[in-house]
Structures are given as C-alpha cells and as structure tokens.
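What follows is a single structure, written as structure tokens, with notes after it.
Scope of the values below: all heavy atoms of this structure, side chains included, with no hydrogens, waters or symmetry mates. Labels below follow one simple rule: chain letters A, B, ... track the order of the sequence lines, proteins then strands, and each chain is numbered from 1. Given the structure is predicted, the values throughout are model-derived calculations rather than measurements.
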Protein chains: 2
Amino acid sequence: MTRKAKHPIERYEARARVAKALAHPSRLLMLDALSERELCVCELTELVGADQSTVSKHLSILKQAGVVADRKEGTMTFYRLKICCLQEFWTCIESVLRQNLEDQQAVIGDRCAPGSR
Amino acid sequence: MTRKAKHPIERYEARARVAKALAHPSRLLMLDALSERELCVCELTELVGADQSTVSKHLSILKQAGVVADRKEGTMTFYRLKICCLQEFWTCIESVLRQNLEDQQAVIGDRCAPGSR
DNA sequence: TTGCCTCTTGGCAATATTGCCATTCAACCA
DNA sequence: TGGTTGAATGGCAATATTGCCAAGAGGCAA
C-alpha cells in the first residue's frame, strides 16, 4: 500500500482546502442563501447574525477557495455562488446525517425491542 | 432576510461537523483508499506516512462523524466506508478546483493575449 | 504467565481558526 | 470639502486542530 502517482498528496491538499472552506456553519448558511440569489454583505450579515467584519472574513475565505465570486456596485459588494455542484455536496452530507440518525434509532430499538428484557 | 424556521442554525452546525471531518488531506486520502476496499490501521498508516497514533486519531474523527465504521479482527482493526455518496463529494470539490484552474488560465490568457501589449 | 503485536488514549507543544473591536478604505452625497 | 455608509483589514485573545511521544489496553502465542 504505497502512494506514489496513484495518490499524489497535493491533490488531497487541494481538495482539503476547498472542503475546509465549506466546513463552518455560518459559511454553509450563507452558501445556502446564495443558492437562491446574489446577496450583499449587509444582507448576509443580518442573516448570520455575527459582526460585519466576521462575515466579511468568512466571505473572503469562500472567495479564496473559489466557491463564491463578488461584484461591487457603488459602496456595496454582492456575492454570488460560483459553482453549481453545491446540491450534490448537501446531498452527500445529509445522507451521512440521515444514516447517523438511523444508526442511533437502531441502537435504541435494540435496547427497547419487545422481548429483549 | 431573517433566519427562523427556514434556516435552523443547528442544521448547519450538524452539516459543518461532517464537512469538517472531511476537511483534512490525510483523511481524504484514507477515504479514497477505503472506497476501494476495507483496510486495517496498519495499512492506512503506511499509506498516509504519519505516526500510527496520528492515523488512529484521524480515523476516530471519521468514525465520530459517521463516515466510516470499524470492525475488530483479532488484534487488528479494519475500517470501511459507511457512506456511498463520496463520489458526489469528490465531484463537487473537483469541479471547484477545475473552475479555479480555468479562471487562472483566463487571467494569464488575458495578460498575454495577442495584441494586448 | 510473559512477551509481542496492533491499536487507542493521554499529554503536550506548535499551529490554525474564529470572532470581536478598532481602524481603514472607497464610493457616494451634501 | 467633509460626512455618511458599506465593506475590508489589522490586531488580538479565546479556542480548536494537529501530530508527535509515551503510556495503556487487549488479543494472541509460546
């Protein structure tokens, strides 16, 4: 089990950088909102409920990762999704969560199953 | 732009916990290897090239997130993927990386385009 | 039992992330 | 020009992540 050409570590580092950008609740919330329409920083700030500077930094992380793009209009900055695969991302994450829930329920079911005393 | 029922923060926290488990190059490498077959900790350790205890901790993070499951056999522990949606996850991440690359090339292209001097 | 092997856990230092405040910047208006 | 507004940046403390070494824990075999 060696790595070499089959598993270039740089590839996984690049992937991890993108995944890391997606791994924060506030950023996920913003992405979900942005999947409907373009939004300015002020709207996103209100949505997230954090300090404006915090939201701005989150957005710069997403932008750096290539997940969103921005557009200036006067004094405002509008952000929009740059990728269309987010739905697949949600689907994957949600399927993990759903499976976890089922596993938990299975444990409870076993413990309280009729005839299990 | 309010949150309320439409955007329960707990949902995004749960999603972020899973995404965070996926956001590390060594863990992504292991997941990729596990997508082919079940592997023991010793094999994964050799693959990753880190200390065995480090790999064990990475695996416990993946297990905690519900992404992998383990099975003991004698003194060895085998890990396997617990989800089947990882391909979609790769697809999404890779499409971001590909888009980033295209954007970079577009910039270079503009800068060096014929007649742009 | 003892010793060996595989893996997990505790502990710790180095590093990275997060979120606020304060400040700066840029566009707009009076 | 100065003032206002929306956004980005600097700085900093609190927190989380990472990865190693050392120390268990458990199975197996002599």
Side-chain angles (χ1 to χ4, degrees), chain A residues 1 3 9-10 12-31 33-34 37-80, chain B residues 1 3 9-10 12-31 33-34 37-80:
Chain A
M1 176 62 58
R3 198 179 323 116
I9 193 62
E10 297 80 11
Y12 295 98
E13 285 170 351
R15 287 177 173 183
R17 274 193 292 275
V18 175
K20 209 176 279 192
L22 299 176
H24 189 286
S26 298
R27 296 199 284 270
L28 291 181
L29 170 60
M30 290 194 285
L31 290 176
L34 289 172
R37 65 179 178 87
E38 190 181 64
L39 293 167
C40 67
V41 176
C42 53
E43 288 172 307
L44 290 165
T45 298
E46 191 188 358
L47 172 69
V48 171
D51 192 273
Q52 180 268 315
S53 69
T54 299
V55 172
S56 188
K57 281 181 182 173
H58 279 308
L59 286 167
S60 106
I61 290 170
L62 289 173
K63 183 181 168 185
Q64 168 71 26
V67 181
V68 302
D70 62 340
R71 175 179 69 83
K72 313 264 183 191
E73 187 175 315
T75 68
M76 293 163 75
T77 307
F78 287 90
Y79 281 86
R80 64 178 181 282
Chain B
M1 177 61 57
R3 200 179 324 117
I9 194 63
E10 297 80 11
Y12 295 99
E13 285 169 351
R15 287 177 173 182
R17 274 191 292 273
V18 176
K20 209 175 280 191
L22 300 176
H24 188 286
S26 298
R27 296 199 286 267
L28 292 181
L29 171 59
M30 292 193 284
L31 290 176
L34 289 172
R37 64 179 178 90
E38 191 181 63
L39 293 167
C40 67
V41 176
C42 53
E43 288 172 308
L44 290 166
T45 298
E46 191 187 357
L47 172 69
V48 170
D51 191 273
Q52 183 269 316
S53 70
T54 300
V55 171
S56 187
K57 280 182 182 173
H58 278 310
L59 287 167
S60 106
I61 289 170
L62 289 173
K63 183 180 168 186
Q64 168 70 27
V67 181
V68 302
D70 62 341
R71 175 179 70 84
K72 313 265 184 191
E73 187 176 316
T75 69
M76 293 163 71
T77 308
F78 288 91
Y79 280 86
R80 65 178 180 281

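Checked against side-chain contact (heavy atoms from CB on, under 4.5 Å), A:His58 has the following partners two or more places apart in sequence or in another chain: A:His24, A:Ser26, A:Arg27, A:Met30, A:Thr54. The salt bridge (Lys or Arg N to Asp or Glu O under 4.0 Å) check on A:Glu10 picks up nothing, with sequence neighbours excluded. Scored by the salt bridge (Lys or Arg N to Asp or Glu O under 4.0 Å) test, A:Arg71 finds A:Glu38, A:Glu73 as partners (sequence neighbours excluded). A search for side-chain contact (heavy atoms from CB on, under 4.5 Å) contacts involving B:Gln52 returns B:Val41, B:Thr45, B:Ser56, not counting sequence neighbours.
Rounding to the nearest 0.5 Å places NZ of A:Lys57 at 14.5 Å from CD of A:Gln64. With rounding to the nearest 0.5 angstrom, the CG atom of A:Leu62 is 5.0 Å from the CG atom of A:Leu31.
For B:Leu39 against B:Ala33, the heavy-atom pair with the smallest separation is CD1-CB, 3.7 Å.
Without hydrogens or angle criteria, A:Glu43 side chain to A:Cys40 main chain gives a donor-acceptor distance under 3.5 Å.
Atom CG of A:Leu62 is separated from atom P of D:dA8 by 12 Å (rounded to the nearest Å). Rounded to whole Å, the distance from CD on B:Glu43 to P on C:dT6 is 12 Å. Rounded to an integer number of Å, the gap from CD of A:Gln64 to C1' of D:dA8 is 15 Å.
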Generate the contact string for nucleotides 15-21 of chain D. Rules: B means base contact, S means sugar-phosphate contact only, - means no protein heavy atom under 4.0 Å.
--SSSBB
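If you check residues 69-78 of chain B against DNA chain D, the residues with a heavy atom closer than 4.0 Å are B:Gly74, B:Thr75, listed by number.
Regarding contacts with the backbone of D:dA8, a side-chain N or O of A:Tyr79 is found under 4.0 angstrom from either OP1 or OP2.
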